[in-house]
A.B. asks: 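Supplied in structure tokens, the structure appears directly below.
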Amino acid sequence: MAQSTKAKPSTVKTVVQGFLNEITSEFAKGNRLEFRDFGVFEAREIAPRTAQNPKSLEPVEVPAKRRVKFKMGRIMREKVNGKVNER
């Protein structure tokens, strides 16, 4: 990115890290993030469950947690699936 924008690598790093920090903050608040034609990120609650230790076969309680789900947008889906439609 630094080469294509002719910006200093340190500046690009600071901007990208700030952007990622903001994304993390939004997920912590429970918000969803939508980037048109790229995709949608959502933090979802995973219910608690009982799993099994593969070594001892003992049941293990797994607590509830949050996971981030990503759904591709139209342009990304087309490019990933080989339907390159340059804009």
Side-chain angles (χ1 to χ4, degrees):
M1 285 179 80
Q3 288 176 344
S4 64
T5 61
K6 294 183 175 62
K8 290 182 183 177
S10 59
T11 303
V12 172
K13 181 179 178 181
T14 302
V15 170
V16 170
Q17 190 59 55
F19 178 70
L20 295 174
N21 291 344
E22 286 300 315
I23 288 174
T24 304
S25 295
E26 290 301 312
F27 287 143
K29 295 175 191 172
N31 295 333
R32 90 193 263 271
L33 297 170
E34 181 176 339
F35 299 98
R36 294 273 177 211
D37 297 323
F38 179 77
V40 177
F41 294 90
E42 277 186 288
R44 293 220 172 149
E45 186 76 26
I46 305 297
R49 63 186 175 91
T50 302
Q52 190 176 43
N53 181 328
K55 205 171 197 177
S56 66
L57 303 179
E58 294 286 322
V60 177
E61 294 300 317
V62 178
K65 56 183 136 187
R66 295 175 56 124
R67 292 256 166 97
V68 175
K69 181 183 177 211
F70 175 72
K71 183 178 177 185
M72 286 190 286
R74 182 181 54 85
I75 291 176
M76 178 182 274
R77 186 172 45 252
E78 289 173 358
K79 286 187 178 188
V80 168
N81 291 324
K83 299 174 187 170
V84 179
N85 212 4
E86 294 299 321
R87 290 183 169 223

A.B. asks: Could you check whether any side-chain heavy atom of Phe41 comes within less than 4.5 Å of a side-chain heavy atom of Ile23, counting everything from C-beta outward?
C.D. replies: no
A.B. asks: Of the non-hydrogen atoms in Arg77 and Met72, which two are nearest, and what is the gap between them?
C.D. replies: NH1-O, 3.1 Å
A.B. asks: Roughly how far, to the nearest 0.5 Å, is the CZ atom of Arg67 from the CD atom of Glu42?
C.D. replies: 15.5 Å
A.B. asks: Using the rule that two of Ile, Leu, Val, Met, Phe, Trp, Tyr join whenever any of their side-chain heavy atoms come within less than 4.5 Å, decide whether Leu33 and Phe19 are in one cluster.
C.D. replies: yes
A.B. asks: Can you find a heavy atom in the side chain of Phe35 that is under 4.5 Å from one in the side chain of Met76?
C.D. replies: no
A.B. asks: Going from NZ on Lys65 to CD1 on Ile46, what distance comes out if it is rounded to the nearest 0.5 angstrom?
C.D. replies: 8.0 Å
A.B. asks: If you take all heavy atoms of Gly30 and Arg66, which pair is closest and at what distance?
C.D. replies: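 Result for this residue pair: CA-NH2, 3.4 Å.
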A.B. asks: From Gln17 CD over to Thr14 OG1, what is the distance, rounded to the nearest 0.5 angstrom?
C.D. replies: 9.0 Å
A.B. asks: Linking I/L/V/M/F/W/Y whenever their side-chain heavy atoms sit closer than 4.5 Å, directly or via other members, would Phe70 and Val68 fall into one cluster?
C.D. replies: yes
A.B. asks: Nearest heavy-atom pair of Gln52 and Leu57: which atoms, and what distance?
C.D. replies: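 The answer is NE2-O, 3.4 Å.
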A.B. asks: Can you tell me how far the CZ atom of Arg49 sits from the CD atom of Glu61, to the nearest 0.5 Å?
C.D. replies: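 Going from the CZ atom of Arg49 to the CD atom of Glu61 covers 10.0 Å.
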